[in-house]
Peer 1: 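Before anything else, here's the structure in question.
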Amino acid sequence: MRRGILPIVGSRIEDVQAADCAKRPILIAPKPAAFRRRVIGQKITEIGRVGKRVVVRLASSDAMIFEPRMTGLVLLAAPPTIEHLRLKVALSGGKHKELLFWDRRGLGLVRLVTPREFDKLYGLEKLGPDALAVTSVELRDRLATSRRAIKVALLDQRALAGVGNLYASEILHLARVHPACPCDQLRPAQWQAIHAAILEVLNLAIRYEGSTLGDGTYRNALNEQGGFQNHHRVYDRAGEACPSCGKTQIQRIVQAQRSTFFCDRCQKPGRKRRAAAAGQ
DNA sequence: CATATGTCCTGAGAGC
DNA sequence: TGCTCTCAGGACATAT
C-alpha cells in the first residue's frame, strides 16, 4: 500500500471530504473541521509505514495515518464500489488528483496526528520492532519467554509489528514450525528459521502486491488484484496436499479465534523438554 | 504482569 | 425463494 501511493509525494492537498458514517463516527480524529483546517494546503513530503498502517507525512510535520485493518484500501484510482468510500483527498501538482480511503466493513480508520501523538500511539510502548527490520536475536529476545503458541505470538503487534493472520501461517509453514508450539519451547535454530521465513514471505508478498482472497476485497492502489494468493503454501488450502511433502493434507485449526493452516507432517510439534522430565 | 476473550463491522455462503 | 446463522481478522477493551 505504501509503495502504491508513493507517486503522490510532492503533491499538495486541496480538499478533504469525509463520508458521513452513522455507525462509526470516530472514523476520523480530530473532527472533520479541524482535520480539514490542518490538512488543506499542505504538501505531502513522505509516504511511510508503521506496522500495518500507512503514514502520509505533511510539510507541517503532522501525519495522516491510514489504518486499513481488514478491508480498508488506500487508492489513487476509482474504488471497487462508490459505496463504502470513507475519505476523499483532492490533490494538485502531481499525476494523481485524488487519494481515497475505501473500507467495506468499516473497521479501519484514518486519523491526523502531531509528532507527539504519533510517538504516543505508535512508539515502542505500543508497537514492537518492524517485521522487515527485526534481527533474529531481537525476535527471539522478545518472544522466547512467552508461553503462548508461536502463531498467536506472531500476531501480537506489541511483540512484533507487521505480521497478520494470513502471513503467520505462511511463515510457520516455510519455517517448518508447528503453529501451536509454545514460544518457550522453540530452539535457537527454529527462531532463525522463523526470522528468515518472515523476511522471505513478507518480501515475496510485497513483490506480488498482496493477496486478493475469495471475497476479492484486497486491491492495490490502482484497484488491481494482488497475485500472492496464487503462491500461498497453506493459507485457505485446507484439504489440499502440502506443497512441501506432497503427502499430507493441509489442516485448518483455530487459535485465538483465528484460522491457522499447517501441515502436520512438515510442522512437527516440538518435543517436550527432556530436562523437566529428567529432573523428577 | 501475562494471557485470554469479547466487540465492532459487512457481505458471502451455508443450511433449511 | 428468502430467511437466519456463522464466519472472515484487524486493534483494542475488558476479564481472568
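Note that the structure is predicted; figures quoted are calculated from it, not measured. We name chains A, B, ... by the order of the sequence lines, and we start the count at 1 in each one. Excluded from the calculations below are hydrogen atoms, water molecules and symmetry mates; all remaining heavy atoms, backbone and side chain alike, are included.
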Peer 1: Does the distance from a Lys or Arg side-chain N to an Asp or Glu carboxylate O, for A:Glu67 and A:Arg53, drop under 4.0 Å?
Peer 2: yes
Peer 1: Find out whether A:Asp62 and A:Gln42 are in side-chain contact, i.e. whether some heavy atom of one side chain is under 4.5 Å from a heavy atom of the other.
Peer 2: no
Peer 1: Tell me, please, which residues at least two apart from A:Thr260 pass side-chain contact (heavy atoms from CB on, under 4.5 Å).
Peer 2: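 Residues passing side-chain contact (heavy atoms from CB on, under 4.5 Å) with A:Thr260: A:Lys151, A:Ser169, A:Pro179, A:Ile253, A:Gln255.
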Peer 1: Rounded to the nearest angstrom, tell me the gap between atom CG in A:Leu160 and atom P in C:dG10.
Peer 2: 13 Å
Peer 1: Does the distance from a Lys or Arg side-chain N to an Asp or Glu carboxylate O, for A:Arg49 and A:Asp130, drop under 4.0 Å?
Peer 2: yes
Peer 1: Please work out if A:Ser259 contacts a base, only the sugar-phosphate, or nothing of the nucleic acid, heavy-atom cut-off 4.0 Å.
Peer 2: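 Sugar-phosphate only.
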Peer 1: I'd like to check A:Asn223 versus A:Pro80 (side-chain heavy atoms, cut-off strictly below 4.5 Å). Are they in contact?
Peer 2: yes
Peer 1: 5'-most contact on DNA chain C: A:Arg69 or A:Val254, nearest heavy atom basis?
Peer 2: A:Val254
Peer 1: Using whole Å, what does the distance between atom C1' of nucleotide C:dA8 and atom CD1 of A:Ile253 come to?
Peer 2: 17 Å
Peer 1: State which residues pass salt bridge (Lys or Arg N to Asp or Glu O under 4.0 Å) with A:Arg105; sequence neighbours excluded, sorted by chain then number.
Peer 2: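 Checked A:Arg105 against salt bridge (Lys or Arg N to Asp or Glu O under 4.0 Å); zero matches.
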Peer 1: So, do A:Leu166 and A:Gln229 sit near enough that their side-chain heavy atoms are less than 4.5 Å apart?
Peer 2: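 A side-chain contact under 4.5 Å is absent here.
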Peer 1: Just report the end-to-end axis angle for the helix from B:dA2-C:dT16 to B:dC16-C:dG2, five pairs per end, to 10 degrees.
Peer 2: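 Here the helix ends are tilted 50° relative to one another.
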Peer 1: Under 4.0 Å between a Lys/Arg side-chain N and an Asp/Glu carboxylate O for A:Asp103 and A:Arg86?
Peer 2: no
Peer 1: Take atom CG of A:Leu127 and atom C1' of C:dA11, then tell me their distance rounded to the nearest Å.
Peer 2: 10 Å
Peer 1: In residues 224-239 of chain A, which residues come under 4.0 Å of DNA chain C by heavy atom?
Peer 2: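 Contacts with DNA chain C under 4.0 Å: A:Tyr235.
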Peer 1: Check nucleotides 9-11 of chain B against the protein and report each pair of N or O atoms closer than 3.5 Å, with its distance, or say if there are none.
Peer 2:
from: B:dG11; atom 1: OP1; to: A:His84; atom 2: NE2; distance (Å): 3.3
from: B:dG11; atom 1: O4'; to: A:Arg104; atom 2: NH1; distance (Å): 3.1

Peer 1: Between the protein and nucleotides 3-6 of chain B, list every N/O to N/O distance that falls short of 3.5 Å.
Peer 2:
from: B:dT3; atom 1: OP1; to: A:Arg147; atom 2: N; distance (Å): 2.9

Peer 1: Can you tell if the side chain of A:Val74 reaches within under 4.5 Å of the side chain of A:Leu100, non-hydrogen atoms only?
Peer 2: no
Peer 1: I need the CZ-C1' distance between A:Phe101 and C:dG10, as an integer number of Å.
Peer 2: 11 Å
Peer 1: Is a side-chain N or O of A:Gln251 found less than 3.5 angstrom from the main chain of A:Cys263, in a donor-acceptor match?
Peer 2: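 No: the side chain of A:Gln251 does not pair with the backbone of A:Cys263.
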Peer 1: Is A:Gly72 touching bases, backbone alone, or none of the nucleic acid, heavy atoms closer than 4.0 Å?
Peer 2: nothing
Peer 1: Base, sugar-phosphate or nothing for A:Arg158? Non-hydrogen atoms, less than 4.0 Å.
Peer 2: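 No contact.
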Peer 1: Side chains of A:Met1 and A:Tyr218, heavy atoms from C-beta outward: is any pair under 4.5 Å?
Peer 2: yes
Peer 1: Contact between A:Ile44 and A:Leu58 at the side-chain level, heavy atoms closer than 4.5 Å - yes or no?
Peer 2: yes
Peer 1: Rounded to the Å, how far apart are A:Asp156 CG and C:dG10 C1'?
Peer 2: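 About 13 Å, once rounded to whole Å.
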Peer 1: Mind checking whether A:His232 and A:Tyr235 have parallel, tilted or perpendicular rings, split at 30° and 60°?
Peer 2: perpendicular
Peer 1: Starting at atom CG of A:Leu143, determine the distance to atom C1' of B:dA2, rounded to an integer number of angstrom.
Peer 2: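 Rounded to the whole Å, the gap is 13 Å.
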Peer 1: Separation of A:Leu109 atom CG from C:dG10 atom C1', in whole Å?
Peer 2: 10 Å
Peer 1: Return the value, rounded to whole Å, for the distance between atom CD of A:Gln255 and atom P of C:dA8.
Peer 2: 13 Å
Peer 1: Could you check whether A:Asp15 pairs with A:Arg36 (Lys NZ or Arg NE/NH1/NH2 to Asp/Glu carboxylate O, under 4.0 Å)?
Peer 2: yes
